[in-house]
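What follows is a set of notes on a single structure, which appears directly below.
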Amino acid sequence: MVVKRNKQKVVLGFSGGVDSTAAALLLKEKGLQVTGLFFDVVPGPTAAAEEAKKRAEEVGIDFLYKDVSEAFKEAVIGDFCACYASGKTPNPCIRCNPAIKFATLIDGADEIGAEYIATGHYAQVKYLAEEDCYAVYRARNLKKDQSYMLYRLGQEVLSRLILPLGQFESKEEIRAMLREEAISNAEQPDSQEICFLPDDTEYADYLQRQGVKAVPGEFTDREGNVLGRHKGLVHYTIGQRKGLGVALGKPMFVVELDSENNRVILGENQDLFRRDVLIEDIKITEKCYGKAFGAQGKVRYLAPAAQAFVKPAETAENAGESGCKDRLLVTFEQPQRAPAPGQSLVLYDGDRVLGGGIIITK
């Protein structure tokens, strides 16, 4: 049952880490009634959930717990495994955000009658009166900016979303605030791991435990000449140089993963660069839909945004197979290094996120 919304209430995605703790304090400063929601992506309750509950008590907010492990396994872990098995490089956070994280926050907010949801992401949401829509913008702290990860969120989420950390210029400001409030996790290090991987677990080992087989095959060059044997496609990503296990007398990189023939194609650094990148599974703002337009594009989270021209793929001669009306061809002014199938290409207009899609160019 959906409870009538209260504009003084907000449900915050709450891990108990530095960012979500700071977000809780900032929301309280605004006079909002904050409920921290911890969602377990593995069957729980877990030790992490217990720590989050203690942190919620420390900062003086209510606490909700949800076990989303079954839905997460199907929507995120399933896609993660399927992508690697087919020679692609997934981004599980981008899949999780609309399907699990923000869907769970919306459900939690509706259950307790909260008008708003919030997270500790470094990004901003702005209402654009001329277009009558909400849009994601980069954070002021460009080093921590996470707008790339939020491009798939729809208006039903953005219209209720508060991102308290988007206005801060440095992570040190966040920690200083926690120190001033004598919060115990002020010096906690940032997490760099994939959230569902057990500590110190390599992703290739995890994939094999999930039933994804690592079948040895051939390293070849782009002409098909055999260069050696590989350990299985799951051990490699586009652009990889280290850990190949073959000595070829010069630096060589993974330039393609051929899942159909179980081959890892090697080449030189120059072979990794592409001007044209084809994307599908498009999520884009209404003003750009079905049109050609200029934008800046990022081929991965940490890549710099680069100037590009975007057009519907059915109008492009090199769009690939027919029937591609839901694809976009992104042509960069300068070739981009190692766009990897399975990763997202996200499009910007300055600081504004226009949308993006999943890379399918080999």
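The figures here come from the full heavy-atom set of this structure, side chains too, leaving out hydrogens, waters and symmetry mates. Bear in mind that the values here come from a model prediction, so they are computed numbers and not experimental data.
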Nearest 0.5 Å, please: how far is [atom2] in [Y] from [atom1] in [X]?
| X | Y | atom1 | atom2 | answer |
| --- | --- | --- | --- | --- |
| Leu257 | Arg263 | CG | CZ | 13.5 Å |
| Ile359 | Leu345 | CD1 | CG | 5.0 Å |
| Leu105 | Thr35 | CG | OG1 | 11.5 Å |
| Ile183 | Thr21 | CD1 | OG1 | 7.5 Å |
| Ile284 | Lys291 | CD1 | NZ | 10.5 Å |
| Gln240 | Tyr236 | CD | OH | 7.0 Å |

Any donor-acceptor pair under 3.5 Å from [X] side chain to [Y] backbone:
| X | Y | answer |
| --- | --- | --- |
| Arg160 | Ala118 | no |
| Glu173 | Phe168 | no |
| Glu70 | Val68 | no |

Indicate every side-chain donor-acceptor pair of residues 203-213 with a distance under 3.5 Å to a residue at least two apart or in another chain.
unit_1, atom_1, unit_2, atom_2, d
Tyr203, OH, Val234, O, 3.3
Gln208, NE2, Ala204, O, 3.4

Using a strict threshold of under 4.0 Å (side-chain N to carboxylate O), is an ion pair present between [Y] and [X]?
| X | Y | result |
| --- | --- | --- |
| Glu131 | Arg352 | yes |
| Lys171 | Asp190 | yes |
| Lys298 | Asp145 | no |

Does [X] belong to the same Ile/Leu/Val/Met/Phe/Trp/Tyr cluster as [Y], with side-chain heavy atoms less than 4.5 Å apart forming each link?
| X | Y | value |
| --- | --- | --- |
| Leu142 | Leu163 | no |
| Phe72 | Leu37 | yes |
| Met149 | Ile106 | yes |
| Tyr148 | Ile100 | yes |
| Phe196 | Phe102 | yes |

Quiz item: Which other residues end up in the same hydrophobic cluster as Leu128, if Ile, Leu, Val, Met, Phe, Trp and Tyr are linked when side-chain heavy atoms come under 4.5 Å apart?
Solution: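 Reading the cluster by chain and number, Leu128 sits alongside Tyr137.
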
Exercise. Considering only Ile, Leu, Val, Met, Phe, Trp and Tyr, and joining two whenever side-chain heavy atoms are under 4.5 Å apart, list the other residues clustered with Phe309.
Key: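 Taking Ile, Leu, Val, Met, Phe, Trp and Tyr as members, Phe309 stands alone, with no cluster partners.
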
Name the atoms and distances for all side-chain donor-acceptor pairs under 3.5 Å in residues 6-14, with sequence neighbours left out.
unit_1, atom_1, unit_2, atom_2, d
Asn6, OD1, Gln8, N, 2.8
Lys9, NZ, Ile112, O, 3.3

Quiz prompt | side chain to side chain contact (heavy atoms under 4.5 Å, CB included) between Tyr348 and Arg138, worked out | solution = CA-CA 9 Å; Tyr348 289 79; Arg138 298 181 202 266; 3.8 Å; yes

Quiz item: Phe38 and Lys66: side chain to side chain contact (heavy atoms under 4.5 Å, CB included), yes or no, with the steps?
Solution: CA-CA 6 Å; Phe38 182 95; Lys66 287 186 180 291; over 6 Å; no

Does any part of the side chain of [Y], heavy atoms only, come nearer than 4.5 Å to the side chain of [X], both counted from C-beta?
| X | Y | answer |
| --- | --- | --- |
| Ile61 | Lys28 | yes |
| Pro251 | Arg241 | yes |
| Thr237 | Val254 | no |
| Ile238 | Pro341 | yes |
| Gln124 | Arg140 | yes |
| His230 | Leu266 | no |
| Ile279 | Ile360 | no |
| Glu333 | Gln307 | yes |

Exercise. Evaluate ring-ring contact (aromatic ring centres under 6.0 Å, His included) for Phe39 paired with Tyr65, printing each intermediate quantity in order.
Key: CA-CA 6 Å; Phe39 33 89; Tyr65 171 87; 9.9 Å; no

Exercise. Apply salt bridge (charged side-chain N to carboxylate O under 4.0 Å, His left out) to Glu268 and Lys250, showing your working.
Key: CA-CA 8 Å; Glu268 298 183 51; Lys250 59 182 178 180; 3.1 Å; yes

What is the minimum heavy-atom distance between [X] and [Y], and which atoms define it?
| X | Y | result |
| --- | --- | --- |
| Ala99 | Ala103 | O-CB, 3.6 Å |
| Gly239 | Ala338 | CA-CB, 4.3 Å |
| Ser69 | Pro43 | CB-N, 3.6 Å |
| Ala49 | Phe63 | O-CZ, 3.8 Å |
| Pro45 | Glu50 | CB-OE2, 4.3 Å |
| Leu150 | Ala123 | CD1-CB, 3.8 Å |

Self-check item: Step-by-step side chain to side chain contact (heavy atoms under 4.5 Å, CB included) determination, Asp221 to Leu248
Solution: CA-CA 11 Å; Asp221 61 20; Leu248 300 169; over 6 Å; no

Ignoring hydrogens and geometry beyond distance, is a side-chain donor-acceptor pair present between [X] and [Y] at under 3.5 Å?
| X | Y | result |
| --- | --- | --- |
| Arg337 | Asn269 | yes |
| Ser170 | Asn141 | no |
| Ser344 | Arg152 | no |
| Thr220 | Asn225 | no |
| Ser159 | Tyr127 | no |

If you count the non-hydrogen atoms of other residues, nucleotides and ligands that lie under 6.0 Å from [atom1] in [X], is the total more than 12?
| X | atom1 | answer |
| --- | --- | --- |
| Lys73 | NZ | no |
| Glu172 | CD | yes |
| Glu187 | CD | yes |
| Glu286 | CD | no |

Exercise. Scan for ring pair (Phe, Tyr, Trp, His ring centres under 6.0 Å) pairs involving residues 239-259, sequence neighbours excluded, and state none if there are none.
Key: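 Found none.
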
Quiz item: Can you check side chain to side chain contact (heavy atoms under 4.5 Å, CB included) on Lys287 and Leu354, steps first, answer last?
Solution: CA-CA 9 Å; Lys287 81 166 191 172; Leu354 296 175; 3.9 Å; yes

Quiz item: Tell me the side chain to side chain donor-acceptor pair (under 3.5 Å) pairs involving residues 74-99, sequence neighbours left out?
Solution: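 Only Arg95-Asp281 qualify under side chain to side chain donor-acceptor pair (under 3.5 Å).
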
Quiz item: Looking at Glu57, Glu51, Lys53, which hits side-chain contact (heavy atoms from CB on, under 4.5 Å) with Arg55?
Solution: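 Considering Glu57, Glu51, Lys53, a side-chain contact (heavy atoms from CB on, under 4.5 Å) with Arg55 is found only for Glu51.
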
